[in-house]
Undergrad: 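Once you've had a glance at the structure underneath, I'll fire off some questions.
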Amino acid sequence: MMKVKILLLSSLFALAGCDKLGQKAMDSVPNPSPAQEQVAVDAYNDLRDKKFDEFLTYLEPELQAEFNKDTKTLRKFSYVLPKSELKHKKIVSKKIEKSTDKPSLYTVTYEYSYDKNLVQYDVSFDKPNGSTKIRKLNVAVFGESTN
């Protein structure tokens, strides 16, 4: 029984260490600029509120064209976003992808908490403190149906 407790405690300490390493890695990537942060918020709100014309103005031309071709995806994203009051919003991940065959990608993952839902909102720009045009976007909703 004592061995089990020791094993559990050592596992908890190991996990706590991993969490600190993960936080340190995330802290090494710069936060989005205030302008990028505002664009991410405005784009999310316009998408949720089905203001598609306004929403599209925040996107790079390539992504705009993609959504214009496939308006079903745009409507699907907006349909699943919770309309209830936002309880909490925070950045849970930041990463920079650099590749020689495609443009750089700086992705910020936000967590939006509602009473009965959690939204993971990934928004990508060219680089930290760079352009305010969104290069890539993904939305995932967890919890009860928002209908």
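Each residue takes its place number in the sequence, starting with 1. Because only heavy atoms are used, hydrogens play no part in the values below, and waters and symmetry mates are left out as well, while side chains stay in. Just so it is clear, the model here is predicted, and its values are computed rather than measured.
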Undergrad: Looking at CD of Q36 and OH of Y58, how far apart are the two atoms once the value is rounded to the nearest 0.5 Å?
TA: 14.5 Å

Undergrad: Restricting to pairs with a member in residues 43-53, which pass side-chain hydrogen bond (donor to acceptor under 3.5 Å, both in side chains), not counting sequence neighbours?
TA: Y44-Y114, N45-R48

Undergrad: Do the non-hydrogen side-chain atoms of D115 and K87 ever get within less than 4.5 Å of each other?
TA: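 Of all side-chain heavy-atom pairs linking K87 with D115, at least one is under 4.5 Å.
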
Undergrad: Nearest 0.5 angstrom please: F52 CZ to T71 OG1, how far?
TA: 8.5 Å

Undergrad: Given side chains that start at C-beta, do those of F67 and F77 come closer than 4.5 Å, heavy atoms only?
TA: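 Result yes, sub-4.5 Å side-chain heavy-atom pair found.
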
Undergrad: Looking at P128 and N31, what are the two nearest heavy atoms and their distance?
TA: CB-O, 4.4 Å

Undergrad: Going from NZ on K127 to NZ on K98, what distance comes out if it is rounded to the nearest 0.5 angstrom?
TA: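 Interatomic distance, K127 NZ to K98 NZ, rounded to 0.5 Å: 9.5 Å.
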
Undergrad: Taking atom NZ of K76 as the centre, report whether more than 12 heavy atoms of other residues, nucleotides or ligands fall under 6.0 Å from it.
TA: no

Undergrad: How long is the gap from NZ on K94 to OH on Y110, to the nearest 0.5 Å?
TA: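 Here the rounded value is 10.0 Å.
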
Undergrad: Looking at K133 and E62, does any basic side-chain N land under 4.0 Å from a carboxylate oxygen?
TA: no

Undergrad: How long is the straight-line distance from CD1 of I134 back to OG1 of T57, given to the nearest 0.5 Å?
TA: 9.0 Å

Undergrad: Give the intermediate values and the outcome of side chain to side chain contact (heavy atoms under 4.5 Å, CB included) for residues D126 and R135.
TA: CA-CA 7 Å; D126 61 343; R135 190 169 274 185; 3.4 Å; yes

Undergrad: Do L56 and L63 have side chains that approach each other closer than 4.5 Å (heavy atoms only, starting at C-beta)?
TA: no

Undergrad: At their closest point, which heavy atom of S78 faces which heavy atom of L47, and how far apart are they?
TA: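 Between these two residues, the closest heavy atoms are CB-O, 2.8 Å.
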
Undergrad: Would you indicate whether the side-chain heavy atoms of V108 and Y121 approach each other to under 4.5 Å?
TA: no

Undergrad: Answer yes or no: are there more than 12 heavy-atom neighbours, outside K95 itself, under 6.0 Å from its atom NZ?
TA: no

Undergrad: Is there a path of hydrophobic side-chain contacts, each under 4.5 Å between heavy atoms, that joins V39 and V41?
TA: yes

Undergrad: With sequence neighbours left out, write down each residue that passes ring-ring contact (aromatic ring centres under 6.0 Å, His included) with Y106, or none if nothing qualifies.
TA: none

Undergrad: What pairs with D122 under side chain to side chain contact (heavy atoms under 4.5 Å, CB included), at least two apart in sequence or on another chain?
TA: T107, T109, Q120, N138

Undergrad: Are P32 and V123 side-chain neighbours, meaning at least one heavy-atom pair lies under 4.5 Å?
TA: no

Undergrad: Do you see a donor-acceptor pair shorter than 3.5 Å between the side chains of Q64 and N68?
TA: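 N68 and Q64 do not have a side-chain donor-acceptor pair below 3.5 Å.
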
Undergrad: Quick one: pull up CG in L137 and CD in E60 and give me the separation to the nearest 0.5 Å.
TA: 12.0 Å

Undergrad: With heavy-atom distances below 4.5 Å as the criterion, would you say the side chains of L81 and Y112 are in contact?
TA: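 SC-SC contact between L81 and Y112 ruled out.
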
Undergrad: Pair E37, K89 - check salt bridge (charged side-chain N to carboxylate O under 4.0 Å, His left out), show working.
TA: CA-CA 12 Å; E37 178 88 20; K89 179 188 94 170; 3.2 Å; yes

